[in-house]
Amino acid sequence: ICGYISDSGSQINKCSNSAEITSSILTSSSSGISYSGGICGFTSGENLIQNSFNTGKISAYTSSSTSASCTSYTGGISGYGYSSSIKNSYNTGKISASSSGSRYAGGIIGYYDYNTSIINCFAANEQVTNITDLNKQMIGRIGGNTLYQTTTLNCYALNSMLVNGDVIISSYTTNKNGKDTPLASFKDLTWLMTNMNWDFKKIWEVKPGGNFPTLRKEIIAFDIPTM
């Protein structure tokens, strides 16, 4: 949807992506950085992504032919956020980050920096990987890594999600791994209305047949001039 947002007050609202997105960089310079997100790669400056979802596979790869420092940021909604917010959104696409240096990967956001908030979101992707982060310091079901003065509020994650091949156990909606939740709940209108605080009258709907929420179609009325 968008690669980079830095204008203060910008918003991405009611958007979705189902395509596979890959950001790949091979550099010989002093550094290489790759941002990859289902809705936006990089957000900065009091921006807002809301009422959006991603179902496509998201990956980032950064490598250097020298000893240069490289970093990859990968998230289902956004790769990197600084002083920005993601609200009322979800991801079901697989997430992977690879780099010869640091690699951050999360079901919603790869890395959320100063004054960034993730609110009322869920991650129902099967897996998130960043290859060699055995201590899982740069990876999480909701966010890969958090810095100071960030907020995670009312977030849930698929209880069977594999994080670098392991199942994570979490009972909190306020940390980077979200609260353990079975797949069926994310497709259950009653559970969603009770827990997610989304607008299911005007913005979201759940169609019959065991489906994830989707955005309602808008009908725009306009006058046709008479001849």
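Hydrogens, waters and symmetry mates are skipped; everything else that's a heavy atom, side chains included, is used.
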Nearest heavy-atom pair of [X] and [Y]: which atoms, and what distance?
| X | Y | value |
| --- | --- | --- |
| Ala19 | Ile58 | O-CD1, 4.5 Å |
| Asn130 | Ala105 | CB-CB, 4.3 Å |
| Ala124 | Phe212 | CB-CE2, 3.9 Å |
| Val128 | Gly106 | CG2-N, 4.0 Å |
| Ile49 | Ser78 | CD1-CB, 4.4 Å |
| Asn17 | Gly38 | CB-O, 3.3 Å |

Could you tell me whether the side chain of [X] and the main chain of [Y] form a donor-acceptor pair under 3.5 Å?
| X | Y | value |
| --- | --- | --- |
| Asp180 | Ile169 | no |
| Thr174 | Thr152 | no |
| Asn177 | Ile168 | no |
| Ser52 | Cys15 | yes |
| Ser185 | Thr181 | no |

Worked verdict on Ile203 versus Leu215 for side-chain contact (heavy atoms from CB on, under 4.5 Å): CA-CA 6 Å; Ile203 298 176; Leu215 296 168; 3.9 Å; yes

Nearest-0.5 Å distance that lies between atom [atom1] in [X] and atom [atom2] in [Y]:
| X | Y | atom1 | atom2 | result |
| --- | --- | --- | --- | --- |
| Ser96 | Ile139 | OG | CD1 | 9.5 Å |
| Lys94 | Ser59 | NZ | OG | 12.0 Å |
| Ser16 | Phe53 | OG | CZ | 4.0 Å |
| Ile77 | Ile118 | CD1 | CD1 | 9.0 Å |
| Ser99 | Met138 | OG | CE | 8.5 Å |
| Ser89 | Ile12 | OG | CD1 | 10.0 Å |

Geometric class of the Tyr90/Trp198 ring pair [parallel <30°, tilted 30-60°, perpendicular >60°]: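 Judged by the thresholds at 30° and 60°, the geometry between Trp198 and Tyr90 is parallel.
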
Plane angle bin for Tyr111 and Tyr104 - parallel if under 30°, tilted between 30 and 60°, otherwise perpendicular: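 Perpendicular, since the angle between the ring planes exceeds 60°.
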
Option from Thr55, Asn54, Asn91 for which side-chain hydrogen bond (donor to acceptor under 3.5 Å, both in side chains) with Asn125 holds: Asn91

By side-chain hydrogen bond (donor to acceptor under 3.5 Å, both in side chains) - contacts of [X] (at least two apart):
| X | value |
| --- | --- |
| Asn47 | none |
| Asn51 | Asn13, Trp204 |
| Asn145 | none |

For [X], check salt bridge (charged side-chain N to carboxylate O under 4.0 Å, His left out) against everything at least two apart and list the hits.
| X | result |
| --- | --- |
| Lys207 | none |
| Lys187 | none |
| Glu46 | none |

Using side chain to side chain contact (heavy atoms under 4.5 Å, CB included) as the criterion, list what pairs up with [X], not counting sequence neighbours.
| X | result |
| --- | --- |
| Ser171 | none |
| Leu48 | Gln11, Gln50, Ser85, Lys87 |
| Leu192 | Phe122, Met196, Phe200, Val206, Pro213 |
| Ala157 | Arg141, Ile142, Met161 |

Step-by-step side-chain contact (heavy atoms from CB on, under 4.5 Å) determination, Tyr73 to Arg103: CA-CA 6 Å; Tyr73 301 93; Arg103 58 200 75 83; over 6 Å; no

Cys40 and its side chain to side chain contact (heavy atoms under 4.5 Å, CB included) partner, picked from Ile5, Ile109, Ile86: Ile5

Would you kindly say whether [X] and [Y] are connected by a side-chain donor-acceptor distance under 3.5 Å?
| X | Y | answer |
| --- | --- | --- |
| Asn175 | Ser170 | yes |
| Asn88 | Asn197 | no |
| Ser84 | Thr43 | yes |
| Ser34 | Ser72 | no |

Tyr80 vs Tyr112 side-chain heavy atoms within contact, under 4.5 Å: no

Partner residues of Tyr4 under the ring pair (Phe, Tyr, Trp, His ring centres under 6.0 Å) criterion, sequence neighbours left out: Phe42

Hphob cluster co-occupancy, Val163 + Ile95, side-chain heavy atoms under 4.5 angstrom: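 Yes: a chain of side-chain contacts under 4.5 Å links Val163 to Ile95.
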
Atom CD of Glu205: over 12 foreign heavy atoms under 6.0 Å: yes

Under 4.5 Å side-chain linkage, directly or through intermediates, the cluster mates of Val167: Leu162

Worked check of side-chain contact (heavy atoms from CB on, under 4.5 Å) between Leu183 and Leu158: CA-CA 6 Å; Leu183 179 63; Leu158 182 64; 3.7 Å; yes

Derivation and outcome, side-chain contact (heavy atoms from CB on, under 4.5 Å), residues Ser98 and Thr62: CA-CA 6 Å; Ser98 177; Thr62 310; over 6 Å; no

